[in-house]
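Below you'll find the structure, written out as structure tokens, and then a few comments.
Below, each value reflects all heavy atoms present in this structure, side chains not excepted, and no hydrogens, waters or symmetry copies.
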Amino acid sequence: PAHRVTLQAFSLDRTEVTNGQFAQFAKFARDTGIGRGGEWQMEPGKGQHPVVHVPWRIAAAYCRWAGKRLPTEAEWEYAARGPDGRKYPWGNTWEDSRARFSGNSGGQATAPVGSYPSGASPFGAQDMAGNVWEWVSSLYKPYPYVAADGREDPATAGRHVVRGGSWFLNPWDLRSSRREFGEPGYRSAYIGFRCAQS
């Protein structure tokens with residue numbers, strides 16, 4: 001259900017984290033032995049595509065390594081919908097040319113980040129509808145969103161929210177209000193992430 005949320009100032013990366021960016025973290029993870037980021041392998045020629053097959057805990061570790069964090073679910077939705085609460089990042093009407101989705105992916109998976117500039121949110125964030133679902137920091141709990149109810153406690157185990165839909169889905173699933181979830185260790189060709197800062 002629709003409800004109001006008050007947010008503190010934050011910034012969100014313009015695009016999802018790419019394979020090329022994640023490769024630097026994966027090397028760091030291998031060299032230092034800090035975690036499983038080193039098990040990830042980039043497909044040749046996909047350096048500018050969003051990184052996928054990254055579980056929530058590794059996405060959170062990447063953001064910390066980069067001096068950032070995963071956005072909260074509320075931050076992600078505000079960055080996608082803007083102050084006027086758009087249905088899609090660009091407006092209230094679906095347009096095929098503004099996002100990577102099942103109708104134009106041809107079953108070929110992701111597109112390089114920023115390939116649909118006309119689909120940007122009011123704040124200039126790219127690919128917030130389609131391409132890949134995006135992990136956020138929030139645990140999957142019912143609305144209304146209340147940050148103080150434990151859903152933003154990184155030490156609490158549970159399923160985490162993904163937002164934005166993916167290249168495999170139809171327009172209904174790419175609405176900015178749509179939410180799904182995954183277990184923290186879940187890896188998928190449909191899920192990536194982007195980082196935020198306070």
Side-chain angles (χ1 to χ4, degrees), residues 1-18 21-22 24-25 34-35 37 50-51 54-92 99 113-114 116-117 119-166 173-184 186 191-198:
H3 59 284
R4 291 190 178 276
V5 176
T6 300
L7 299 172
Q8 300 299 314
F10 71 97
S11 61
L12 188 73
D13 287 355
R14 190 178 66 82
T15 66
E16 298 142 337
V17 173
T18 66
Q21 292 168 323
F22 193 82
Q24 299 170 43
F25 169 74
I34 64 162
V51 66
V54 175
W56 180 88
R57 63 181 179 276
I58 300 298
Y62 173 94
C63 291
R64 286 192 303 273
W65 171 80
K68 302 177 184 180
R69 61 176 173 77
L70 287 172
T72 68
E73 182 175 16
E75 288 171 339
W76 191 98
E77 185 168 331
Y78 180 71
R81 300 183 79 176
D84 53 352
R86 299 170 179 192
K87 188 173 187 177
Y88 300 102
W90 56 84
N92 292 318
V113 299
Y116 297 87
S121 80
F123 303 110
Q126 300 283 324
D127 302 316
M128 296 198 81
N131 218 11
V132 292
W133 287 102
E134 298 179 21
W135 288 116
V136 297
S137 64
S138 311
L139 288 169
Y140 187 77
K141 290 192 172 194
Y143 278 168
Y145 177 92
V146 179
D149 68 1
R151 72 181 69 213
E152 296 303 339
D153 181 355
T156 303
R159 301 174 297 183
H160 285 81
V161 175
V162 292
R163 300 298 297 260
S166 80
D173 292 312
L174 274 59
R175 292 168 295 129
S176 297
S177 60
R178 182 83 161 89
R179 62 197 300 250
E180 276 296 334
F181 61 84
E183 298 293 339
Y186 182 62
I191 302 176
F193 67 99
R194 75 179 75 213
C195 302
Q197 285 181 290
S198 297

Evaluate L12 against F123 for side chain to side chain contact (heavy atoms under 4.5 Å, CB included), listing each step before the verdict.
CA-CA 9 Å; L12 188 73; F123 303 110; over 6 Å; no
NZ/NE/NH1/NH2 to OD/OE distance under 4.0 Å, K68 and D13
yes
So do the side chains of V161 and R151 get within less than 4.5 Å of each other, counting heavy atoms only?
no
Using every non-hydrogen atom in the two residues, find where S177 and R81 come nearest and quote the distance to one decimal.
CB-NH1, 4.0 Å
Answer yes if the side chains of S121 and R86 hold a donor-acceptor pair under 3.5 Å, and no otherwise.
no
Sub-4.5 Å side-chain heavy-atom contact between Q21 and V113
no
Within a strict 4.5 Å, meaning less than it, do heavy atoms of the S198 and R69 side chains meet?
yes
What one should report as the nearest heavy-atom pair of L174 and A99 is CD2-CB, 4.3 Å
Minimum heavy-atom distance between A74 and Y145, given as atom pair plus value
CB-CE2, 3.8 Å
Can you name the one residue among W76, Y62, W135 that meets ring pair (Phe, Tyr, Trp, His ring centres under 6.0 Å) with F193?
Y62
Grab the two heavy atoms, one from S176 and one from P89, that are nearest each other, plus how far apart they are.
OG-CD, 3.5 Å
Heavy atoms, side chains only, cut-off 4.5 Å: are Y116 and N131 in contact?
no
Smallest heavy-atom separation, K141 atom then D149 atom, equals NZ-O, 3.0 Å
Where V136 and R163 come nearest, the two heavy atoms and their spacing
CG1-CG, 4.2 Å
Would you please test L70 and H160 for side chain to side chain contact (heavy atoms under 4.5 Å, CB included) and show each step?
CA-CA 11 Å; L70 287 172; H160 285 81; over 6 Å; no
Contact between R179 and E77 at the side-chain level, heavy atoms closer than 4.5 Å - yes or no?
no
Yes or no on side chain to side chain contact (heavy atoms under 4.5 Å, CB included) for E152 and S138, after CA distance, side-chain angles and deciding distance?
CA-CA 5 Å; E152 296 303 339; S138 311; 2.4 Å; yes
Relative to the ring of Y140, is the ring of F181 parallel (under 30°), tilted (30 to 60°) or perpendicular (over 60°)?
tilted
S137 vs E75, test: side chain to side chain contact (heavy atoms under 4.5 Å, CB included). Steps then yes/no.
CA-CA 10 Å; S137 64; E75 288 171 339; over 6 Å; no
If we only count heavy atoms from C-beta on, is the Y78 to P83 side-chain gap below 4.5 Å?
yes
Donor-acceptor pair, side chain of D173 and main chain of G165, under 3.5 angstrom:
no
